[in-house]
Asks: 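Before anything else, here's the structure in question.
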Amino acid sequence: MEIIKKRLQFIYENENIDLLLSKVEESIINTKAKNLKKRKQNWDEKDVVLITYGDQFYVKNELTLKTFKKMYEQYLNEQFPIVHILPFYPYSSDDGFSVIDYKKVNPHMGDWNEISDLTSSARLMFDDVCNHISAKSEWFQEYLKGNPKYKNFFIEMDPKHDLSAVTRPRATPVLTKFKLENNEERYIWTTFSEDQIDINFSNQEVLLKMIDILLFYIEKGAEYIRLDAIGFMWKEVGTSCIHHEKTHEIVKLFRDIVDLVAKGTVIITETNVPHKDNISYLGNGTDEAHMVYQFPLPPLVLHAIHNGNGSAISNWAKQLPSTDTSTTFFNFLASHDGIGLNPIRGIIPEQEILEMVDDLKKEGALVNYKKNPDGTDSPYEINVTYMDALNKRLDKDSTRVARFLLAHSILLTLPGVPAVYVQSILGSRNDYEGVTKTGMNRSINRKKYAYSEIEKELTDVNSLRHSIFTELTKIIQIRKTEPLFHPNVDLDVIDLGEELFAFKRTNTKNESIYVLHNLTNHTAVCRLEGKYQDILTKEQKEYSETISLDPYQFLWLKPVN
């Protein structure tokens, strides 16, 4: 407990932390004494994550988590041993990320019994939405009533304060005006929306509450815990209020706690920011997050295939830090959010980013903008399914499948644990009806499905969904059998020309696999010699000097002696 004491002293400098420390220690002891689900101690090449909503599939008069379990066991469990169920708690907005009660399950999805049932089939990833809570929550409603217990749970701020240095993820004000029950007005810190009230971690009671929630999720079977919007957690006027040193210390504290209580539980930080800031949450490799979201990957892969040029992604991959068995990357291409652009600023010239955004808008993508300090707007997120991001409206389905599988080959073969969004494994297209219904751009990639309808489409051999599901499943299964795709096996980028993204993974036994991607719509020729086993086709191939790759072809080649 000495390290936890030091963390608390750092966070609450000049404050007495004795009572807080004793309560944290008591919570840890109580949780450790419970019959916790055993955790896998080390990740490996078999770990692939499915990202989904708890009500992704529905049957009339059936709890949606029961429906999901049926869908998972019928179609998805062989590919995805780990399931990230996006916030399944009662919520008031943002499709779950404005949580009303951290410790309840949304009633139309089920209750903790349904979550428990799922843990018998899958290892689960929960969201810990720890930066903010719903304005409809009991905590905030009691604050508005003047309940002294909740007086300092939120951040009151005089609007006269200069908050111009604060990093803004949205084109909305930092502060929102609320009226208390006694008719007094207060300006409250709201980083994301007026319905998402930032929690005040400078209050020791708040930290204790959030530790209690973290331990509760472990007790309920969470093996991966995603810390949502974690970068904004600590506020200090006069700073940017992002990536504060005390934010990092709280993440370190959370890691210390989960390592003490349930070793093997994985803490993942979600920070949609430039690469250098993102990987800072890995700490020294042993003391902070176990994994960080690899946010540059979705726009980099899109940029490479969109332009038929791998220069940017190759240069970026060359600079990826090596990881050991205590840290790795959480890789993804698509998620419930859009394709973030901030992580590639500084990697790709701004003009190229804007040109790509304009091209995608012409093909039906939607865009969210952020407000810059000078009053101008910049695109920060492209809202589109990854299928439609990669392709044009008039493309043939055969081209769609080829580009989509190429992108997912990159996802599945880079260092890290890969995660596939449910819309991707289903081969989904843009849902404009959803956008019209909600008024939210992000709804374009959040469609929910009647179980019977999606099953019908998946089993229709002539459908795009069937083609994507079948072919993507194949390469996922092959990836899971190859130890050289272990998340921590070293990466070396190979320069085979700008039309290709190529690299080699080499383990400590000096065994290697070569991965080649033709990013273009024409045949690409490069230099490669030797005899190889193509693990995708099971064929042996021998090349003398050069090799030709068909448009959007990718190869996974193991040298044969």
Asks: Out of W189, Y91, F192, which one pairs with H132 under the ring-ring contact (aromatic ring centres under 6.0 Å, His included) rule?
Replies: F192

Asks: Is the distance between the ring centroids of F178 and F140 less than 6.0 Å?
Replies: yes

Asks: Does F469 have any ring pair (Phe, Tyr, Trp, His ring centres under 6.0 Å) partners at least two apart in sequence or in another chain, and if so, which?
Replies: none

Asks: Test of understanding: with side chain to side chain contact (heavy atoms under 4.5 Å, CB included), list the residues that count as partners of K480, not counting sequence neighbours.
Replies: V48, P81, I476, Q477

Asks: Y143 and F154: aromatic ring centres closer than 6.0 Å?
Replies: yes

Asks: Of all residues at least two apart in sequence or in a different chain, which pass the side chain to side chain contact (heavy atoms under 4.5 Å, CB included) check with E62?
Replies: V59, K66, T67, K70

Asks: If the test is salt bridge (charged side-chain N to carboxylate O under 4.0 Å, His left out), which one of K263, K40, K38, K37 qualifies with E223?
Replies: K37

Asks: Identify, with sequence neighbours excluded, every residue that meets side chain to side chain contact (heavy atoms under 4.5 Å, CB included) alongside E482.
Replies: L484, F485, I513, I535, K558

Asks: To the nearest 0.5 Å, how far apart are CD1 in I382 and CE in M356?
Replies: 4.5 Å

Asks: Please name all residues satisfying side chain to side chain donor-acceptor pair (under 3.5 Å) with D277, sequence neighbours left out, ordered by chain then number.
Replies: none

Asks: For Y380, enumerate each residue passing the ring pair (Phe, Tyr, Trp, His ring centres under 6.0 Å) test, keeping only those at least two apart in sequence or located in another chain.
Replies: none

Asks: Run the salt bridge (charged side-chain N to carboxylate O under 4.0 Å, His left out) test against K220 and tell me which residues pass, sequence neighbours left out.
Replies: none

Asks: What do you reckon, are the aromatic ring centroids of F503 and F501 less than 6.0 Å apart?
Replies: yes

Asks: So which pairs with a foot in residues 404-440 pass ring pair (Phe, Tyr, Trp, His ring centres under 6.0 Å), sequence neighbours left out?
Replies: F404-H408

Asks: Kindly write out the residues that satisfy side chain to side chain donor-acceptor pair (under 3.5 Å) with N272, not counting sequence neighbours, or none if the list is empty.
Replies: none

Asks: Who passes side chain to side chain contact (heavy atoms under 4.5 Å, CB included) against E457, sequence neighbours left out?
Replies: R465

Asks: Considering residues at least two apart in sequence or located in another chain, which fulfil the ring pair (Phe, Tyr, Trp, His ring centres under 6.0 Å) criterion with F126?
Replies: F88, Y217

Asks: Would you please name every residue forming a ring pair (Phe, Tyr, Trp, His ring centres under 6.0 Å) with F295, sequence neighbours left out?
Replies: Y293, F332

